[in-house]
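Here is the structure we will look at, set down as structure tokens.
All heavy atoms count here, side chains included; hydrogens, waters and symmetry mates do not. Convention: sequence-line order gives letters A, B, ...; per-chain numbering from 1. Bear in mind that the values here come from a model prediction, so they are computed numbers and not experimental data.
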Amino acid sequence: MALSTFVASTNRVIALVDMDCFYVQVEERDDPSIKGTPAAVVQYKTYKGGGIIAVNYEARAKGVTRNMRGDDAKAACPEIKLVRVPETRGKADLTKYRDAGREVIQVLNEFDCCVERASIDEAYIDLTEAVEKKLSEMSSDCELDFSNTLPSLDMDCFTGSFVMGYDSTEQWLEALRGSEMPQLDDIKLAIGAEIVGKMREAVYKKTSFRCSAGIAHNKVLAKLVCGINKPNKQTVLPHKSVPQLWSATKVSKVRGLGGKLGDYLIGRLGCENMCDLGKFTENELSAGLGAKTGMWLYRLSQGYDDEAVTPRQLPKSIGCNKNFFGPEALRTKEKAKFWITQLAAEVVERLQRDLEMNNRKAKSLTLHVKFEDQNALSRTCGASPQYNPERLAADAYSIMEKLYQALGVLPINSLGLIASKFEDEIDTSNYTKINDFFKTKPCSSSVLEVEVIDTDSLNSDSSTDKLVDSSSLGPDSSTLGISGSLQKLDENNSTSTSDTVKKPSSNPIESNSIVNPLPSTSITSKHAVSHSNTNVTPKKSETSETKEHRKPFFSFSVTAPTIVSPRKSPRKPVAAAAVSSNEEGSSKLTITKVTQVLAVEECERCGKKFSPWDMETHKDYHAAKDLYREINGMPPLDFDLRPETLRKKEIEQASAERAAKAAQKRPRGRGKGSSSCSSSKRGRPMSANPVPTSSQSKTIDSYFGPKS
DNA sequence: CTTGGCGTCGTGT
DNA sequence: TACACGACG
Ligand SMILES: Nc1ccn([C@H]2C[C@H](O)[C@@H](COP(=O)(O)OP(=O)(O)OP(=O)(O)O)O2)c(=O)n1
Ligand SMILES: [Mg+2]
């Protein structure tokens with residue numbers, strides 16, 4: 001039944017580069033007089049001095065933290081300089097920080113490595129190839145004699161470099177030299193750290209921004225140790241130091257465990273520190289958390305994490321939103337229209353720049369609305385290719401208008417407008433960087449071996465192993481970041497591979513083009529050239545170099561079939577297909593396109609007959625009715641697959657229940673440290689948390705679900 | 001309904 | 001799919 005997949009886990013060299021107090025540094029570069037003094041970036045000065053979103057290290061020393069109000073910061077540190085986030089069209093405008101973040105990515109890309117933009121100020125870098133290249137140069141034709149490779153490291157690259165478990169970099173390297181066994185993994189980390197030292201220096205030279213970095217064998221550990229020595233420092237984590245690190249690491253500090261899953265580990269399993277996870281078998285963890293989350297945690301407890309560095313430097317979406325709380329709530333259609341217009345103007349402006357820089361266009365536009373009763377929803381329509389602000393605003397507002405028709409003019413607390421589903425443009429007339437070709441290295445396929453071991457027995461009936469009452473289980477569905485196709489395979493009880501091999505085939509380089517759903521090539525072809533959308537200053541030319549054949553450093557076998565995504569054959573009648581057509585500017589609530597004209601159509605919902613023209617209007621009626629039911633927590637009319645218990649419940653108290661539930665919604669506290677709400681009430685975990693992020697769950701209670 | 005604002009990403013269904 | 005929602009910067 002269940003299959004376990006084993007991959008080499010300490011053969012990659014992964015770095016996480018994180019800018020120091022980024023927004024403040026951006027402001028300090030603009031106005032150097034700020035440097036060396038306490039400073040913070042705030043947005044919206046009016047309410048209690050605005051909210052602080054970035055704090056420099058001088059101000060941190062005085063106790064100023066993110067999420068403080070500007071007024072609080074002044075109280076804690078009277079001399080602090082507060083810099084305001086620029087405002088455009090009545091809302092915060094983060095353009096200058098996005099631009100600064102791009103500068104940094106540009107520099108990192110000059111090192112010809114696989115770079116993943118993880119956020120506005122963070123990037124993961126897979127250094128495996130670069131390290132092995134350097135290693136092969138160092139040891140030249142000598143056999144595996146690394147004893148003289150270490151002296152060739154440029155020690156200037158190690159200033160401000162730390163190694164977990166050692167007093168100094170020198171001590172670590174000395175230990176490596178003196179070791180009987182060749183410590184190949186550590187040597188790779190050392191070479192990686194040297195490269196990262198050069199990268200950080202280049203970033204400073206070209207942007208004047210300081211950053212810190214973590215260097216480890218995987219993303220989770222690289223990110224974790226990056227934060228241990230800051231600012232302007234880097235930290236290496238040899239695998240053998242993992243136990244020591246884990247014994248001093250609260251679970252909530254680990255990426256993906258800062259939320260409900262972390263709460264579960266603490267509250268249900270008693271795991272305060274990461275080392276406590278080691279007390280559990282994989283089966284025990286899987287029992288309460290699902291197979292994938294369980295395996296992820298089990299492997300993490302040993303310091304392993306297989307998530308790939310995905311080569312991508314461009315955002316997948318461009319959006320903006322604004323909150324309107326309390327008295328500012330939008331209570332009229334006119335106000336909603338006004339603000340949608342403002343948001344549309346910003347989005348279009350950014351889309352236009354994105355088109356010029358990256359030669360791609362958004363195909364999808366989504367409006368997010370949160371009402372005063374805390375109910376939120378989003379609706380999507382096609383994005384007009386014109387990139388015209390009035391047009392975009394009109395399309396977005398037409399969605400809003402339909403919501404109003406279905407729900408009434410409810411007060412709005414938040415509006416968001418997001419463009420996504422980018423595709424490369426064929427026409428390059430808007431492309432300002434026509435000569436920009438680039439080379440992006442895909443992530444390393446550091447897989448040494450993928451052995452598939454049939455472990456039918458593991459998951460069979462080990463109920464006796466469970467430490468956790470299965471009545472409180474989260475859903476067994478969890479994700480581990482496995483791509484959709486592989487996940488499908490998993491459902492079929494096939495093998496799920498590690499993420500390091502999740503995208504071996506179709507599209508190793510970043511591209512917004514529609515991906516060929518049929519993986520075909522082998523992972524061995526790793527260098528690729530594309531003129532697509534990375535805003536990278538490329539290598540000189542389109543050196544369409546094919547991968548040099550390396551000595552079989554590793555063997556590789558994929559267990560996942562190469563055929564994925566069995567496309568649903570279109571069984572639906574033509575008219576039905578037309579309903580889902582995603583014509584630009586029309587949300588799903590409006591059916592504007594019929595691809596086949598029929599004399600009379602029969603409504604799928606109620607059986608009534610209409611002309612195609614009238615059917616449009618008629619379906620709007622159903623759509624509005626469905627929306628009303630959805631808003632009130634009621635199931636769709638035509639089928640209800642929910643458990644009997646829920647079905648009963650909703651019949652009389654749907655509306656009230658949903659309202660109450662919405663009112664109960666509470667954003668989870670994000671305070672870093674000690675202070676927490678004294679109230680006993682804590683955001684209830686709602687679902688078994690896939691890794692590393694989680695998803696919705698309406699019916700599953702929680703990790704802490706009713707204990708009995 | 002202010003443990004805050006704005007912005008991304010991933011994932012189940 | 002479109003949508004909801006968690007997690008995080
Ligand atoms: N809740 C948050 C967290 C971060 N940011 C922005 C401001 C930060 O400057 C930037 C980077 O976030 P980091 O968590 O990396 O924090 P800093 O870079 O400011 O500081 P550090 O030196 O700890 O990385 O993202 C934000 O707007 N809201
Ligand atoms: Mg940072």
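Ion pair Arg117(A)/Glu122(A) not flagged as a salt bridge, since none of the NZ, NE, NH1 or NH2 atoms sits closer than 4.0 Å to an Asp/Glu carboxylate oxygen. The pair Lys91(A)-Glu87(A) does not count as a salt bridge, with every side-chain nitrogen at least 4.0 angstrom from each carboxylate oxygen. Comment: Arg102(A) engages Asp99(A) in a salt bridge, judged by a side-chain N to carboxylate O separation of less than 4.0 angstrom. Using a 4.0 Å cut-off between charged nitrogen and carboxylate oxygen, Asp263(A) and Arg268(A) do not count as a salt-bridge pair.
Remark: DNA chain C takes part in the stems B:6-13 with C:2-9, each of 3 or more antiparallel Watson-Crick or G-U pairs, criterion distances under 3.5 Å.
Qualifying ring pair (Phe, Tyr, Trp, His ring centres under 6.0 Å) partners for Tyr97(A), counting only residues two or more places apart in sequence or in other chains: Tyr23(A). Applying the side chain to side chain donor-acceptor pair (under 3.5 Å) criterion to Lys421(A), with sequence neighbours excluded, gives no partner residue.
Within the structure, a side-chain polar atom (N or O) of Tyr44(A) is placed less than 4.0 Å from OP1 or OP2 of dC6(B). Taking only side-chain nitrogens and oxygens, Ser119(A) never comes nearer than 4.0 Å to OP1 or OP2 of dG7(B). A close approach under 4.0 Å does not occur between any side-chain nitrogen or oxygen of Ser364(A) and OP1 or OP2 of dA2(C). OP1 and OP2 of dG5(B) both lie 4.0 Å or more from every side-chain N or O belonging to Lys322(A). Within the structure, every side-chain polar atom (N or O) of Arg66(A) is placed at least 4.0 Å from both OP1 and OP2 of dT3(B). Note on Lys260(A): a side-chain N or O is less than 4.0 Å away from OP1 or OP2 of dG6(C). Considering only side-chain N and O atoms, Arg350(A) lies under 4.0 angstrom from the phosphate OP1 or OP2 of dT8(B). In terms of phosphate contacts, Arg312(A) brings a side-chain nitrogen or oxygen within less than 4.0 Å of OP1 or OP2 of dC9(B). Considering only side-chain N and O atoms, Ser378(A) lies under 4.0 angstrom from the phosphate OP1 or OP2 of dA4(C). For the OP1/OP2 pair of dC3(C) and a distance below 4.0 Å, the side-chain nitrogens and oxygens of Arg379(A) include at least one atom meeting the criterion.
Using a 4.0 Å heavy-atom cutoff across all strands shown, Lys223(A) reaches sugar-phosphate atoms only and no base atom. Residue contacts for Asp18(A): at a heavy-atom cut-off of 4.0 Å it reaches no nucleic acid atom on any strand shown. When heavy atoms are screened at a 4.0 angstrom cut-off, Glu346(A) is found touching the sugar-phosphate backbone but no base atom. Using a 4.0 Å heavy-atom distance criterion, Phe22(A) is classed as making no nucleic acid contact.
If you measure from atom CD1 of Ile52(A) to atom C1' of dT3(B), you get 15 Å, rounded to the nearest angstrom. Distance CD1 (Ile120(A)) to C1' (dC9(B)): 14 Å, rounded to an integer number of Å. In this entry the distance linking CD1 of Ile318(A) with P of dC9(B) reads 10 Å, nearest Å.
Annotation: dT2(B) and dG9(C) have their P atoms spaced 23 Å apart (nearest Å).
Among dG5(B), dT8(B), dG7(B), the nucleotide with an atom closest to any side-chain atom of Pro315(A) is dT8(B). Closest to the Asn323(A) side chain, of the nucleotides dG5(B), dA4(C), dC1(B), is dG5(B).
Here the options are Met19(A), Glu103(A), Lys96(A), the test is side chain to side chain contact (heavy atoms under 4.5 Å, CB included), and the partner is Val26(A); only Lys96(A) passes.
In Lys45(A), the NZ atom is crowded: over 12 heavy atoms of neighbouring residues, nucleotides or ligands sit closer than 6.0 Å.
If you check distances only, the side chain of Glu122(A) never reaches the base of dG9(C) with a donor-acceptor pair under 3.5 Å.
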